[in-house]
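So the structure is just underneath, and the comments pick up after that.
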Amino acid sequence: KRQILRLNVRDEPESDDEVYEVVDLTEYARRHQWWSRVFGSNSGPIAEKYSVATQLMMGGVTGWCAGYVFQRVGKIAATAIGGGFLLLQIANHSGYVQVDWKKVEKDVNKAKKHLKKKANKAAPEINTFIEEATDFIKRNIIVSSGFVGGFFLGLAS
């Protein structure tokens, strides 16, 4: 859907023969992107601005940070989930908690059916996101490679 904005080009007061310029907002938005206003006119793909070594370093450092945080958060989450499950099993065997396993199985099967229905509806958004991510990685392959390597190093440290 195209929107057109009409602007008065003259500085004179309103008259019967006013002149208007037709501005196509979609073309204006393509030519004046938000990052150009924020970062300057020569902001574009990172591959055009920095050397290969700088791109690898930036990708590696950010990847290492992300991997390190992912590792720490993963350990905390695994400990919390495992500890909660262990306490639930102890409470079950001690008689504090009674679990109706047939009802649990019924609810899990109901949730599976619900998720299958929702998964078919969510596929277009997921495909769009995957296409955008793939396009970004292709445009910035060196930074992306550095990020992946740094991420694995961060997981290992």
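Just so it is clear, the values below take in all heavy atoms, side chains as well, and ignore hydrogens, waters and symmetry mates.
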Can you tell me how far [atom2] of [Y] sits from [atom1] of [X], rounded to the nearest 0.5 angstrom?
X: Lys103; Y: Lys110; atom1: NZ; atom2: NZ; answer: 8.0 Å
X: His114; Y: Asn109; atom1: NE2; atom2: CG; answer: 14.5 Å
X: Lys102; Y: Asp107; atom1: NZ; atom2: CG; answer: 14.0 Å
X: Ser157; Y: Arg72; atom1: OG; atom2: CZ; answer: 7.5 Å

Q: Tell me whether Leu88 is reachable from Tyr96 by hopping between hydrophobic residues (I, L, V, M, F, W, Y) whose side-chain heavy atoms are closer than 4.5 Å.
A: yes

(Q) Grouping I, L, V, M, F, W and Y whenever their side-chain heavy atoms are under 4.5 Å apart, do Val97 and Val108 come out in a common cluster? (A) yes

N/O donor-acceptor pairs under 3.5 Å from side chains in residues 129-137, not counting sequence neighbours:
residue, atom, partner, partner atom, Å
Thr134, OG1, Ile130, O, 2.8
Asp135, OD2, Arg139, NE, 3.3

Nearest atoms (heavy-atom pairs only) where [X] meets [Y]:
X: Leu153; Y: Trp64; value: C-CD1, 3.7 Å
X: Ala66; Y: Phe147; value: CB-CZ, 3.9 Å
X: Asn140; Y: Ser144; value: O-OG, 2.8 Å

Q. In the hydrophobic clustering that connects Ile, Leu, Val, Met, Phe, Trp and Tyr at side-chain heavy-atom distances below 4.5 Å, which members other than Ile90 occupy its cluster, ordered by chain and number?
A. Leu86

Q.
Clusters formed by hydrophobic residues whose side-chain heavy atoms approach within less than 4.5 Å: which one holds Ile76, and what are its other members?
A. none

Q. Got a sec, which residues hit side chain to side chain contact (heavy atoms under 4.5 Å, CB included) with Ser145, two or more places apart in sequence or on another chain?
A. Ile141

Q) What pairs with Lys113 under side chain to side chain contact (heavy atoms under 4.5 Å, CB included), at least two apart in sequence or on another chain? A) none

Q. When you measure from the side chain of Ser94 to the backbone N and O of Ala91, does any donor-acceptor pair fall under 3.5 Å?
A. no

Q.
Holding to ring-ring contact (aromatic ring centres under 6.0 Å, His included), I want the full list of residues that pass it with Phe152, two or more places apart in sequence or in another chain.
A. none

Q | pair Lys112-Leu115: side-chain heavy atoms closer than 4.5 Å | A | no

